[in-house]
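Positions are given from 1, in the same order as the sequence printed here.
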Amino acid sequence: MVGPRRPQFVLFGSSIVQFSFSNGGWGAILADLYSRKADIIVRGYAGWNSRHGLQVLEEVFPKDASIQPSLVIVYFGGNDSMLPDPLGSGPHVPLPEYVENMGKIATHLKNLSEKTRLIFLSAPPVNEEQIRKLFRGIMPENSRTNELCQMYSDACVEMCKRMDVKTVDLFTSMQKRRDWSTTCFTDGIHFSAEGSTIVAEEILKVIEEADWEPSLQWNSLPSEFEEYTLHVPSQDPPTED
C-alpha cells in the first residue's frame with residue numbers, strides 16, 4: 001500500500017475489464033472521478049469466461065487478506081455466451097453453468113467482509129456486422145450474436161435479483177442510445193469512449209441509489225489530505241541596496 005489507506009474498488013472480469021482504461025474507458029472514468037478518494041484496481045483477463053474467473057477467485061480475493069475491497073465490480077458473460085467451438089475449445093460456457101459460476105463468485109465475494117459491496121455487469125449487446133467484418137477468418141461467423149448476449153444478460157440479472165446483488169443490465173442500458181451499434185464499440189465487442197461513458201454512468205447510478213452504509217458515492221468520500229493547504233512562499237521583489 002502507498003500512503004494512507006483508501007477504499008479499494010476492484011474491477012474483476014474479462015477483456016471488458018482489462019481494457020477499461022483504454023479509449024476513454026469506464027475504469028479510467030471511475031479512477032478520475034474517485035481521484036484522492038478510492039483506489040481503482042483492475043483485475044481483467046482478456047478471453048476469460050466465468051469458469052476461469054471462478055478458478056482464480058480465491059487467489060485474486062483471498063478471504064484472509066488484511067484489507068478487503070469496499071466494492072467489487074464483476075463482468076463475465078460475453079465470452080461465455082459465444083457458440084460452442086466444434087472442436088471443443090473456445091470460451092463458451094453453457095448457460096446453467098454460467099449462472100452457477102456467477103452465483104459462486106457472488107457468494108465468495110459477499111463473504112470477504114460485511115463492508116464489501118458488489119455490482120455485477122451483465123453481457124452487453126454487440127455489433128454483429130462489425131464483428132463479421134473485423135474478425136472474418138479469426139472468429140467463426142455468427143459465434144457472437146445479440147440473441148445469445150441477451151440470454152446470458154437476462155440470466156445474470158435474474159441471478160443477481162435472487163441473491164440481492166446490485167446489477168447493471170448493460171444489454172438494455174446500452175441500447176437506450178439510438179445509435180448504440182455504430183458509436184459504442186471499437187470492434188463490435190469492446191467499448192468506445194461513448195460506450196464506456198454509458199457503463200460508467202450506470203455504475204454511478206447504482207452507487208448513488210444504493211442504501212450502503214457507509215456510502216460509496218464519490219462526493220461522500222473524504223479526499224486524501226484535504227486538511228492540508230498548499231502554501232506557496234511569496235516571491236517579494238528584490239530590494240536595492
Side-chain angles (χ1 to χ4, degrees), residues 10-22 25-27 41-62 69 72-110 118-128 130-132 134-135 138-160 162-163 165-172 174 184-191 195-196 199 203:
V10 183
L11 318 182
F12 178 56
S14 56
S15 57
I16 294 295
V17 171
Q18 181 176 330
F19 304 151
S20 65
F21 274 67
S22 302
W26 58 276
I41 300 171
V42 177
R43 292 294 181 268
Y45 308 92
W48 279 27
N49 55 31
S50 62
R51 192 180 294 161
H52 293 114
L54 186 60
Q55 289 172 348
V56 303
L57 194 58
E58 294 192 13
E59 294 181 67
V60 179
F61 300 98
V72 183
I73 300 176
V74 179
Y75 169 76
F76 290 105
N79 294 325
D80 298 70
S81 70
M82 292 181 65
L83 287 174
D85 185 279
L87 300 178
S89 59
H92 170 75
V93 172
L95 186 58
E97 182 189 346
Y98 167 72
V99 173
E100 181 179 1
N101 291 344
M102 296 297 277
K104 289 179 179 178
I105 290 172
T107 297
H108 178 87
L109 295 175
K110 276 187 166 187
L118 307 181
I119 300 175
F120 276 36
L121 310 179
S122 77
V126 294
N127 183 324
E128 297 178 21
Q130 193 176 11
I131 292 173
R132 282 193 293 269
L134 295 179
F135 293 93
I138 301 174
M139 186 183 299
E141 190 168 352
N142 298 324
S143 61
R144 284 184 183 265
T145 68
N146 280 311
E147 181 181 3
L148 290 170
C149 288
Q150 183 171 16
M151 289 173 56
Y152 281 70
S153 175
D154 290 347
C156 179
V157 171
E158 181 59 33
M159 183 274 297
C160 287
R162 291 197 307 269
M163 297 191 66
V165 172
K166 304 294 185 184
T167 183
V168 172
D169 182 352
L170 286 183
F171 191 85
T172 299
M174 192 75 65
C184 289
F185 306 102
T186 59
D187 56 7
I189 300 170
H190 302 102
F191 299 134
S196 276
V199 177
I203 290 171

* To do: Taking ring pair (Phe, Tyr, Trp, His ring centres under 6.0 Å) as the test, write out the residues that go with F171, two or more places apart.
  => none
So, do [X] and [Y] sit near enough that their side-chain heavy atoms are less than 4.5 Å apart?
X: K110; Y: V165; result: yes
X: S81; Y: C149; result: yes
X: M102; Y: L54; result: no
X: F19; Y: T186; result: no
X: W26; Y: I73; result: yes

* Looking at Y45, F12, F120, W48, which hits ring pair (Phe, Tyr, Trp, His ring centres under 6.0 Å) with F76? ->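 For F76, the ring pair (Phe, Tyr, Trp, His ring centres under 6.0 Å) check succeeds only for F12.
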Within this structure, what is the [atom1]-[atom2] distance for the pair [X] and [Y], rounded to the nearest 0.5 Å?
X: S196; Y: I16; atom1: OG; atom2: CD1; result: 8.0 Å
X: E158; Y: S122; atom1: CD; atom2: OG; result: 12.5 Å
X: S15; Y: Y75; atom1: OG; atom2: OH; result: 7.0 Å
X: L83; Y: T145; atom1: CG; atom2: OG1; result: 6.0 Å
X: I119; Y: L109; atom1: CD1; atom2: CG; result: 12.5 Å
X: D187; Y: I131; atom1: CG; atom2: CD1; result: 7.5 Å

List the atom of [X], the atom of [Y], and the distance in Å for their closest heavy-atom pair.
X: N101; Y: S50; value: ND2-OG, 3.1 Å
X: G78; Y: R144; value: O-NH1, 3.2 Å
X: G44; Y: Q18; value: O-OE1, 3.4 Å
X: D169; Y: S153; value: OD1-OG, 3.3 Å
X: Q130; Y: G188; value: OE1-N, 3.0 Å
X: L148; Y: S143; value: CD1-O, 4.3 Å

Short question: side chain of [X], backbone of [Y] - any donor-acceptor pair under 3.5 Å?
X: N146; Y: V126; answer: yes
X: H92; Y: M82; answer: yes
X: N79; Y: N49; answer: no
X: R43; Y: V10; answer: no
X: S20; Y: V17; answer: yes
X: T107; Y: G103; answer: yes
X: H108; Y: F61; answer: yes

* To do: Quick one: do V74 and L118 satisfy side-chain contact (heavy atoms from CB on, under 4.5 Å)? Show the steps, please.
  => CA-CA 8 Å; V74 179; L118 307 181; 5.6 Å; no
* Could you check whether the rings of Y152 and Y98 sit parallel, tilted or perpendicular, using 30° and 60° as the cut-offs? => tilted
* Only counting residues at least two apart or in another chain, list the ones meeting salt bridge (charged side-chain N to carboxylate O under 4.0 Å, His left out) with E97. => R51
* Asked: Can V199 and V168 be said to form a side-chain contact (heavy atoms from CB on, under 4.5 Å), step by step?
  -> CA-CA 8 Å; V199 177; V168 172; over 6 Å; no
* Asked: Hey, is CD on E58 packed in by over 12 heavy atoms from elsewhere, all under 6.0 Å?
  -> no
